[in-house]
Amino acid sequence: MEKFTNRIKEYLEQEQLKNSTVDTSVISKRQQLILNKLRRGNFTFKEIESYLALESEIQGMVLLASKRTLQRDLFSIAEIYGVEIKYDRSLKKYTIIEDLQSVTQQKLLETVDMYHALQLKDKISDKLIFEQRQPKGTQHLVTILKAINDKKQIKFQYLKYWEDQEEDRTIEPRFLKEYKQRWYAVGIDIQKEQPRIFGLDRIQNLEITASDCKFHNIDVESLFTNSFGIISPNNQKPIDIELTFTAFQAKYIKSLPLHHSQQIIKEDTEQVVFSVFVVPTFDFKMELMSYGSSLLDIKPQSLKNEIIDEHKKAVEIFTRNNLKDNK
């Protein structure tokens with residue numbers, strides 16, 4: 001991340017030296033907009049130009065680019081962000097050829113986009129509606145990140161939802177994971193000498209200790225490679241899963257994939273069959289249940305039966321409670 005940020009800084013400094021009148025914030029903003037636009041599809045120069053014209057009006061700055069400027073921007077985007085963009089003569093559109101940007105770098109750009117949007121608050125304060133459910137525990141993010149960077153252990157009191165008594169825990173934090181607007185610390189539990197996951201909203205009295213991390217032989221990073229959500233796979237093996245969605249619901253699944261392994265197996269006007277290679281944890285099963293009747297089929301049959309049983313239990317409970325309410 002530091003190397004990525006330095007590349008941006010170095011580029012802007014070079015542009016400043018080339019022309020002292022260049023507003024580097026405009027250059028940076030224009031390139032981010034071009035990159036975000038092309039991540040949504042392939043576009044002609046006129047379409048990109050129209051998009052930049054609209055953003056110029058919204059942002060209150062001149063973001064328009066000539067074809068020559070666009071070519072310079074595309075070269076810079078490849079150098080800075082690791083995203084190669086070329087003009088496809090057969091399509092007569094610009095298209096992304098290779099995207100080497102990490103998830104962290106993409107998250108950073110999303111944050112920058114939000115920052116620019118919030119800068120317009122005086123003009124559009126009544127046009128931004130934020131999620132009312134705010135996650136707790138985010139005050140611990142900086143402390144845990146510092147401990148990770150310094151390779152130090154942390155200690156805290158932790159309260160599980162299903163227990164009444166807080167526990168004193170000491171861990172070697174390895175990384176932070178976000179899931180459904182909640183943050184989790186993932187690391188090695190010192191007593192158990194095993195990877196563990198802790199919700200930041202349940203952490204109290206967090207401290208960085210003087211003790212250095214020592215369990216370097218335990219691979220925590222691979223814990224979530226083939227899993228979904230935040231629940232640990234617990235030595236379960238990932239399996240190939242096929243999910244058939246309605247054509248309408250598939251549009252949402254395409255725009256926000258369930259898992260990085262997601263692929264399209266078959267598609268027609270009525271339905272789309274996706275494949276994923278994951279561990280079917282509780283989180284994953286709950287996600288499948290949330291799609292209701294728009295999820296048409298599941299393979300393997302064993303997983304399908306589990307989802308059917310959960311739906312049956314839900315129907316039985318609702319039916320029983322409905323009978324009580326009508327008495």
task = Output every pair passing salt bridge (charged side-chain N to carboxylate O under 4.0 Å, His left out) with a member in residues 297-308, not counting sequence neighbours, ordered by first then second residue.
result =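 Found Lys285-Glu306, Asp297-Lys304.
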query = For Ser302 and Asn305, what are the C-alpha separation, side-chain angles and deciding distance, and is it a side chain to side chain donor-acceptor pair (under 3.5 Å)?
reply = CA-CA 5 Å; Ser302 57; Asn305 290 339; over 6 Å; no
Validation row: [X], [Y] side chains within 4.5 angstrom (heavy atoms):
{"X": "Leu243", "Y": "Val273", "result": "no"}
{"X": "Val276", "Y": "His259", "result": "yes"}
{"X": "Ile48", "Y": "Leu38", "result": "yes"}

Measure from the side-chain N and O atoms of [X] to the backbone N and O of [Y], and report whether any donor-acceptor pair falls under 3.5 Å.
{"X": "Gln262", "Y": "Ile253", "result": "yes"}
{"X": "Ser66", "Y": "Thr69", "result": "yes"}
{"X": "His260", "Y": "Thr225", "result": "yes"}
{"X": "Glu172", "Y": "Lys214", "result": "yes"}
{"X": "Asp268", "Y": "Glu270", "result": "yes"}

Neighbour count >12 (heavy atoms, 6.0 Å) for atom [atom1], [X]:
{"X": "Lys254", "atom1": "NZ", "answer": "yes"}
{"X": "Gln139", "atom1": "CD", "answer": "yes"}
{"X": "Gln191", "atom1": "CD", "answer": "no"}

query = Who are the ring-ring contact (aromatic ring centres under 6.0 Å, His included) partners of Phe198, not counting sequence neighbours?
reply =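 Result, ring-ring contact (aromatic ring centres under 6.0 Å, His included) vs Phe198: Phe156, Tyr158.
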inquiry  = If the condition is ring-ring contact (aromatic ring centres under 6.0 Å, His included), which residues does Tyr179 pass it with, not counting sequence neighbours?
reply    =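 So Tyr179 forms no ring-ring contact (aromatic ring centres under 6.0 Å, His included) with any residue.
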inquiry  = Run the side chain to side chain donor-acceptor pair (under 3.5 Å) test on Asp283 and Thr281 for me, step by step, so that the C-alpha distance in whole Å, both residues' side-chain angles and the decisive distance to 0.1 Å come before the verdict.
reply    = CA-CA 5 Å; Asp283 282 344; Thr281 59; 5.0 Å; no
task = First locate atom CD of Glu47, then atom OG1 of Thr44, and finally report the distance between them rounded to the nearest 0.5 Å.
result =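 With rounding to 0.5 Å, CD (Glu47) is 3.5 Å from OG1 (Thr44).
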request  = Please round to the nearest 0.5 Å and tell me the distance separating atom CZ of Arg182 and atom NZ of Lys177.
outcome  =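 NZ of Lys177 is found 15.0 Å from CZ of Arg182.
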task = State which residue, out of Ile171, Ile208, Ile190, Asp212, fulfils the side chain to side chain contact (heavy atoms under 4.5 Å, CB included) condition with Gln153.
result =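 Option passing the side chain to side chain contact (heavy atoms under 4.5 Å, CB included) with Gln153: Ile190.
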query = Quick one: do Met289 and Leu295 end up in the same hydrophobic cluster if we chain Ile, Leu, Val, Met, Phe, Trp and Tyr together by side-chain heavy atoms under 4.5 Å apart?
reply =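 In one cluster: yes.
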request  = Please list all pairs passing the ring-ring contact (aromatic ring centres under 6.0 Å, His included) test where one or both residues lie in residues 34-58, with sequence neighbours left out.
outcome  =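 Every candidate ring-ring contact (aromatic ring centres under 6.0 Å, His included) pair involving residues 34-58 fails, so no pair, neighbours aside, qualifies.
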query = What pairs of residues pass the ring-ring contact (aromatic ring centres under 6.0 Å, His included) test when at least one of them lies in residues 275-297, not counting sequence neighbours?
reply =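 ring-ring contact (aromatic ring centres under 6.0 Å, His included) check on residues 275-297 returns Phe228-Phe284, Phe245-Tyr291.
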ask   = Does a donor on one side chain and an acceptor on the other come within less than 3.5 Å for Asn205 and Gln157?
value =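 The answer is yes; a qualifying pair exists.
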key: Counterpart residues, side chain to side chain contact (heavy atoms under 4.5 Å, CB included), relative to Ile218 (two or more places apart)   =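 Residues passing side chain to side chain contact (heavy atoms under 4.5 Å, CB included) with Ile218: Ile188, Pro195, Phe215, Val220.
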